[in-house]
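Atoms considered below: every heavy atom in the structure, side chains included; atoms not considered: hydrogens, waters and symmetry mates. A note on names: the letters A, B, ... follow the listed sequences, proteins ahead of strands, and every chain is numbered from 1.
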2 protein chains.
Amino acid sequence: MNGKEDVFQFLSNKTENVKSLREVVIESLREAIITGQFKPGDSLKERDLSKAMGISTTPIKEAFRILEHEGLIKTLPRKGTFVSELAETNIEEIQMLRGVVEGLAARLTAAKASDEQLKELEKQIEKMETLLENEEVDDLIEENTRFHKMISDAAGNSMISRVLMNISSFDKAFRRRALMENKEIKAGYSEHRKIFDAIKSRNPELSEQLLKQHILRTVTDVLKNKGV
Amino acid sequence: MNGKEDVFQFLSNKTENVKSLREVVIESLREAIITGQFKPGDSLKERDLSKAMGISTTPIKEAFRILEHEGLIKTLPRKGTFVSELAETNIEEIQMLRGVVEGLAARLTAAKASDEQLKELEKQIEKMETLLENEEVDDLIEENTRFHKMISDAAGNSMISRVLMNISSFDKAFRRRALMENKEIKAGYSEHRKIFDAIKSRNPELSEQLLKQHILRTVTDVLKNKGV
DNA sequence: ATGTGATATCTGATATATCACATAATAACA
DNA sequence: TGTTATTATGTGATATATCAGATATCACAT
């Protein structure tokens, strides 16, 4: 029966994978704000966006609620909705924030990850090693991100996962640039291996420190290369 | 004219201070979920809540968006909305998360707070000392919270403020209990004073460590007293 | 008793209308 | 010309209707 299901896989069109209008609006506006197309202080109007996107104000309104919760915009009741200052937040400090939160995740993972989770992490780090040797850069970048996510998930704390997801949606463009640099790829693997070793040896303190330092070093390097 | 405005302050009914239906729903549901009235897996239905609260589904729907973004509930399109597992997240780990984020805030504050901000912090810690001497417990609790908020705000990073606000809305009940214990009040002041001194002396590393340790100690003490 | 198609019901998604506060523009008056 | 009152407009908040996917139930054939 399982084989039969696979045969019809191509027919699948589950609505769980289909994006709602609200999600489309969120992603569009978030991208426009973060990349500077909308600047702090700019006014966003429900009816204008509704016309521009050819949809009703309802998904626009719902998207505003989420973006406001993320701090990217601010709504004053019956006065207007404006892009907030958050979009100009210091990217280095965002990475420091990410560093301390992922560091804590590494600590918790070292303290309580199951043997199975450790095995999965080991498989992952080995996969990354193979990709590094074969110089398959695009795949390595993707697996690096997965490695970080696996650590965060293994911490088993939904609030930590949520905070990191919010940070991630904010600095996606930055992190991709960081990982693309060739030097980063090699140094990054070396650090990832040390992080995994610390987790495997059940050393919470060291795990936290290594992951914090790893993230803070990548931001320092990227900013150096930018001439900032 | 300014004096006149103050005289009539009690008449003020500015809509900026009036809670929207959406905000009322958010707070009601969040409280019900966090305190266990709604349990993970429970179904929340827009039309049921609409009838129960005597309002339309629109503010219910918007509240759902926010609570989902906070991770407290999960909506499956056209299937239903359910209370998530987040509400059962380990409270100690939440406090550890708060510790690392507030610690980072203290570090940034020590690094870049203006002289004026330092003066404000000094006024605040002195106010807290007076309240401690006079044993005005309720006011001291409130000023302690304000002290933490001043440090976070002085860090000048909107994302950090936002993360802490989300954590705060989640563990408000816990923190109030922590601060109410008499022992905590005295130990808490001592630690607050050390934190301020570290910030004042522009020592980012020490500031971060002290604030982290302060928060982690309070959670350890509270859990000890709970017999957990 | 079981399988299948048709129908009904449930639930969130979205569209549209209306309300209500805030501000701008215009008219009236001194 | 300046001030005040009135009206119009703009914007978000909320109510209500309808759509559309998902599931449950019913009716009928085998």
message = Whole angstroms only, please: what is the CG-P distance between L44(A) and dG12(D)?
response = 9 Å
request  = Would you kindly give the CZ-to-C1' distance between R22(B) and dG12(D), to the nearest whole Å?
outcome  = 9 Å
message = Nearest whole Å is fine: how far is dT14(D) P from E23(B) CD?
response = 9 Å
R78(A) side-chain N/O to dT9(D) phosphate OP1/OP2 under 4.0 Å = no
query = In Å, rounded to the nearest 0.5 Å, how long is the span from CD of E46(A) to CZ of F64(A)?
reply = 5.5 Å
inquiry  = Rounded to whole Å, please give me the gap between NZ in K19(A) and P in dA13(C).
reply    = 16 Å
key: Rounded distance [0.5 Å steps], CZ in F147(B) versus CD1 in I125(B)   = 4.0 Å
task = Provide the closest heavy-atom pair for M96(B) versus L216(B) in the form atom of the first, atom of the second, distance.
result = CA-CD2, 3.5 Å
request  = Mind calculating the distance between CD (E46(A)) and C1' (dT11(D)) to the nearest angstrom?
outcome  = 8 Å
query = Quick one: K79(B) NZ to dA20(D) P, roughly how many Å, whole number?
reply = 19 Å
query = Do K212(B) and E102(B) sit within salt-bridge range, that is, some charged N less than 4.0 Å from a carboxylate O?
reply = no
query = Tell me, which of residues 50-62 of chain B have any heavy atom that sits under 4.0 Å from an atom in DNA chain C?
reply = K61(B)
inquiry  = When both hydrogen-bonding distances must be under 3.5 Å and the geometry is Watson-Crick or G-U wobble, what is dC28(D) paired with, if anything?
reply    = dG3(C)
message = Check this one for me: any side-chain N or O of T81(A) less than 4.0 Å away from OP1 or OP2 of dT11(D)?
response = no
task = Using the six-membered ring wherever Trp is involved, compare the ring planes of H148(B) and H214(B) and label them parallel, tilted or perpendicular (cut-offs 30° and 60°).
result = parallel
ask   = Once you round it to whole Å, what is the distance between P of dT11(D) and CG of L76(A)?
value = 13 Å
message = I'd like to know if the side chain of T145(B) pairs up with that of E142(B) as donor and acceptor (distance under 3.5 Å, no hydrogens or angles considered).
response = no
ask   = How many Å lie between CZ on R47(B) and P on dA17(D), as a whole number?
value = 12 Å
key: Residues forming a side-chain hydrogen bond (donor to acceptor under 3.5 Å, both in side chains) with K112(A), sequence neighbours excluded   = E93(B)
message = Strictly by Watson-Crick or wobble contacts shorter than 3.5 Å, is anything paired with dA15(D), and which nucleotide is it?
response = dT16(C)
